[in-house]
Every structure is written in structure tokens, then in C-alpha cells.
Protein chains: 2
Amino acid sequence: MSKENSPSIRALNNPTQVGEETITAVIRALAILDLLGQSEGELGITEISQRLSLQKSTVFRLLNTLMVGEYVRQNPATKKYYLGTHLLRLGMTVLNQIELRKVAQPYLRELMAVCNEVIHLGILEQNEVIYIDKIDVDRPLSMVSRIGGKSPWYCTGLGKVLLAFSPPAVLEELLSKTKLVQFTPNTITDPARLVEHLKQIQAQGYAIDDEEHELGIRCVGVPIRDYQGSVIAALSVSGPTLRMTQDKLKQIIPVIINTGNRISKALGYMG
Amino acid sequence: MSKENSPSIRALNNPTQVGEETITAVIRALAILDLLGQSEGELGITEISQRLSLQKSTVFRLLNTLMVGEYVRQNPATKKYYLGTHLLRLGMTVLNQIELRKVAQPYLRELMAVCNEVIHLGILEQNEVIYIDKIDVDRPLSMVSRIGGKSPWYCTGLGKVLLAFSPPAVLEELLSKTKLVQFTPNTITDPARLVEHLKQIQAQGYAIDDEEHELGIRCVGVPIRDYQGSVIAALSVSGPTLRMTQDKLKQIIPVIINTGNRISKALGYMG
DNA sequence: TATTGCTGTTCCGCTCAGAGGAACAACGTT
DNA sequence: AACGTTGTTCCTCTGAGCGGAACAGCAATA
């Protein structure tokens, strides 16, 4: 989870905010889940109550409730609480509802074998990129990420390619909603320049993230289309700059594009 | 999810049950999540309210709340609701908290390459076996299962081996809590016979599930020990009976045991 | 093109669920 | 033995949130 802030914690302590009709107890329960998720490991009642500024007894009741659903479990020895495997089960359900994964996976494996770098499969959700699959590479130096994890859209290969092929309205909306944060010297933070850049990506059919999100990581993203031709996902190859050289890029970009095309075809896209 | 009944739905409509101090609204929210998980796909408010026998307005408010936490999302076109990727994120967090997975995975892959059958990694939780990893095999006929999924302990290779090496008290407690259901003609439903069987498993160091849970599937389970020597997990090789013949079993059992031992050693067990 | 029957959504008043605070028990530490 | 922790229990009071009904928006019927 790291820096990914959890949305449910926001609305914690402004209960009587009219308009959005929500249930305080549930908001708080979700906040506890988020908190337990963020701090990998166990948390005690006192610590939770402090961090969320809730009453100890309230937290106790909430945790009790979460335990009957097996969303949370209590370590009998330490009396502390941690996330239960029921969440794992639900999470995997979400993952399996995305049928694109099943189609794409063999192609991703093959691509990994060729490129010898980490492969990601991602979709655009809300205003972020979500990784829905990842093929790890067995090399000491490689990108760490997590299925289900998020990344910004304007400075990653996946995100840029997804937006380059989105309807202009989507781009416009995201641009208005998103603050372009300068992660590295290479991050494009000027909206006008970004729009130009995306046009170029659309023209050439692939996006390169040249250390725009994290220094030392370069990556290539290409679009994946459904049977109607709309870009519904993207795949990317990411590696350390010292291996992802201009030479190597020249060599693998056609392969990556080809893989993207073949997945699109497998999804019914006629080209 | 299939037949796995969700614990939180149970306590739905007996609110004033004293003793267990729980929060109705949260119980209901969790029940909605479970329901959405079970019926893979979208559900409308009316359907949810009927299935859980709750008021439509109540369900609406609950869903609204779950949406601010991104636990649930609404399809703008159909207006129906489905599980959000935040659950995926939380689920993967749970999975990554189990560090055993990281250690074991390379060994499991290697074992799959040798046996050419599905490999499972499982732990005992509550009174069931939970799969925490799975290596699929690329063959048309192979076992379907899911990471995070559950299985009974008394009729699977994983479960039997986990219990054979558990302290007697654990076995006793599980025996008293569990009803031994006859899944197939081979399922051992006599507690006395089961106890004998487990003793034999402990002696020989591996468990065979000979179509005891599902007809047509045979599997071999071996224990995995932590640095203290206690059995904390198990791995298994499962395949269709026509491939998992006596001959093949004789051949692969030593390999499987060896893999288990090597993982245990990697976890610090000195043997 | 009305009509009917579905949805999902909004409103509002009454009430009991549940929040809060404090006291309690069971620890390990000083 | 006194203290500072923890998690847990109890009790009281009140406003969150439940239920019920009305509303709106759409689609398929007549």
C-alpha cells in the first residue's frame, strides 16, 4: 500500500456532512480495514483508536463485528488484530471477474521470456492506473509493484498509453481532476506539453516512460483493444535504465507492439 | 466462492442477540460485500435488498457508504453494483503478509516442472484449509481452485497432512467442531478411522487424498516446517486419477517430500 | 402514446442501536 | 508493591440510521 492513501479514512470525522448519505459505523469499519492494510502486520486496539481518533470501546465493537465476518482476525497470543483471509478471497474474486487477465496471461509470459523484464497489465480506473496482472522476472534488480496497486496516469507507460487512446473528453476530465506532481526531473507537469506528448504516443502506437515516475526505471507501454476497437487495457515492459538502453528499446518495441496486437486479436479485435 | 458460505450473512437478522457485541450496520455492509462476491457480476439494489431481506433504502445507504471507500463500484450504464478494486488491493496485502509464499514459490515452480501437475500451498486456518498459493499447469484437464479458497481438512492431501502433524489437542478440537461430510465413497467419515489414518500419515511423512474430496482427483500432500520444527503449512500435487497412477505416485512422492524438506530448510528448519 | 411495472433514489419522523466515557481485569515492567 | 500498559465490559443517553412510503426515470408492454 505504501503511499496510496485510502479514500475511506478521509470522511472519518465529519459525520454530519449532508449530501453524501453514508453510515458512520461502516465508514469507520472500512477505515480500520484500510489502516490494518497499510501497516502490514498486527495492530492493537489502542493504537487503532489513537490513529483514527476513535473511542477504544468503539474500535473494540467494530473489530468484534469485523471478526464475525472473518474480515479481521485476532492473534490469541498478542491480542492484536490483523486482516483475515476472507479479504484475500474477496480480492481474488475481483481479480477473476476481470476476464481479460486469462486471455492475456500466456502472451505476457511469452513476452517476459523474450524481454527478460517485468511485464504489467493495467487498466484505467477512476483517475489512476491499476495493475491487474504482473509477470515477475527472476533477476535481482527489477521493479517492485503489486497486483491491485495503483500508479499515476500521466507519468507511466501504462497510464500514458491508456490516455493517448482514450476519448478526448476523458483526458480533459482527468487533466482537470489531477494535479500533475513532479516525481522526477523527467515528469511532464505542463498540461499542454502532456497533451502534445500523448498525441505523439497515439501516432506512434506506444508510450515510453523515461524515468518519469521513478528514477532508474524506464518502461514501454502499448494499448490493448477489445472487439469494438476501444482501448480497454495496456501492457508494459519495465526495467532498470541500465538494461533498458536505446539499443534494447529499438529491439523490443516491435515485439511489445506485436504482443499487444495479438492480445487484442484474441479479444476479438479485427484490426 | 461457489459453495463457500459467508460467515457474516449468518448473523444478519438476529440483531438483539446479546453476548456478541456487534454493529448491525457493519454486519449488513459485510453481507453485501459477500453477496457481491458470491454472485460474480453486478447486482442491483432491489435484488440485494430481497436476498438479504433488507429495506431498499437501507441497502442504498450501505452501498453509498461502501462506494466512498471504493469497496464497491457502480456501473454507470446499468446502475448496478459490483466489487471494487480496493478489495483486490486489500486482498493482495493479506497475501503478501504471508512471507512463506515468497520463500516457497521457486520450489513450487520447480516441482510443477517435474510432476506436470497443479501444485498447491496451503495453511490451516480456523477449521479449514486455505490455499495461499497455486502453480497452474498448462494441461487441459487439471484441478480448478483459487488462491484464497477453502477446502475441508479431513479429506484433502493438504488438510490431512496439516492435521497429522498438529498437536493432538488441535485435532481433537477440530474433530469435535467438524461434521465429517461424505463427499465421495472414499471420504473417511469415521472419526476413529480418521485418527488412525492420520497416525499413519505422520509415520510415513506424506498424505494421499485418493478421491476423498472429489471423484477423479488424487493428490499427495507433504508438510512444511518452520525454524522451530512445527508444521505451519503444506504443499500438494493434485491431478486426475488417470494420470496420478500408482506408478507415477511411487515415482513422484520422494520428489515431493524432498521439495517439502528443502522449503522447510529454507525457512530455517535444521531437520 | 399512454400505461404499467420495473428500476434506483429521496425524503422524513421515530426509536433503539450504538457512541462515549469510565471502570475493570490482566498483564508485564519498574 | 505500585505503576503503566494492554484489551475488555458496563451503563447511560441521544442522534444516527432504520423503515416506510413517495418519487423519478426508464423500458417494455398494450
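Just so it is clear: chains get the letters A, B, ... in the order the sequence lines come, proteins before strands, and each one is counted from 1.
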Report which part of the nucleic acid E47(B) touches: base, sugar-phosphate, or nothing (heavy-atom distance under 4.0 Å, all strands).
-> nothing
Can you check the I23(A) CD1 to dG15(D) P distance for me, whole Å?
-> 18 Å
Take R61(B) and R61(A), find for each the nucleotide of DNA chain D with the closest heavy atom, and name the residue whose nucleotide sits nearer the 5' end.
-> R61(A)
Of the listed nucleotides dT7(C), dA16(D), dT9(C), the one nearest the side chain of K79(B) = dT9(C)
Write down the distance between CZ (F60(A)) and C1' (dC10(D)), rounded to a whole number of angstrom.
-> 12 Å
Determine, for Y107(A) and R262(A), whether the Lys NZ or Arg CZ falls below 6.0 Å from the six-membered ring centre while staying within 45 degrees of the axis.
-> no
Donor/acceptor link under 3.5 angstrom from K56(A) side chain onto base of dG20(C) = no
Mapping G44(B) and L62(A) onto DNA chain C by nearest heavy atom, which one lands closer to the 5' end?
-> G44(B)
Checking side chain to side chain contact (heavy atoms under 4.5 Å, CB included) against R51(B), which of L35(B), T46(B), V59(B) comes through?
-> L35(B)
Starting at atom CG of L54(B), determine the distance to atom P of dC18(D), rounded to an integer number of angstrom.
-> 9 Å
Could you check which of dG18(C), dC18(D), dG20(C) has an atom nearest any side-chain atom of T58(B)?
-> dC18(D)
Between CG on residue L83(B) and CD1 on residue I32(B), distance to nearest 0.5 Å = 11.0 Å
OP1, OP2 of dG19(D) versus side-chain N and O of R28(B): anything below 4.0 Å?
-> yes
R73(A) bridged to E125(B) by N-O distance under 4.0 Å | yes
Hey, is the side chain of Q55(B) poking within less than 4.0 Å of OP1 or OP2 on dC18(D), counting only N and O atoms?
-> no
For I45(A) and dA25(C), give me the distance from atom CD1 to atom P, rounded to whole Å.
-> 17 Å
Looking only at N and O atoms, is any donor in the side chain of S57(B) or the base of dG19(D) less than 3.5 Å from an acceptor on the other one?
-> yes
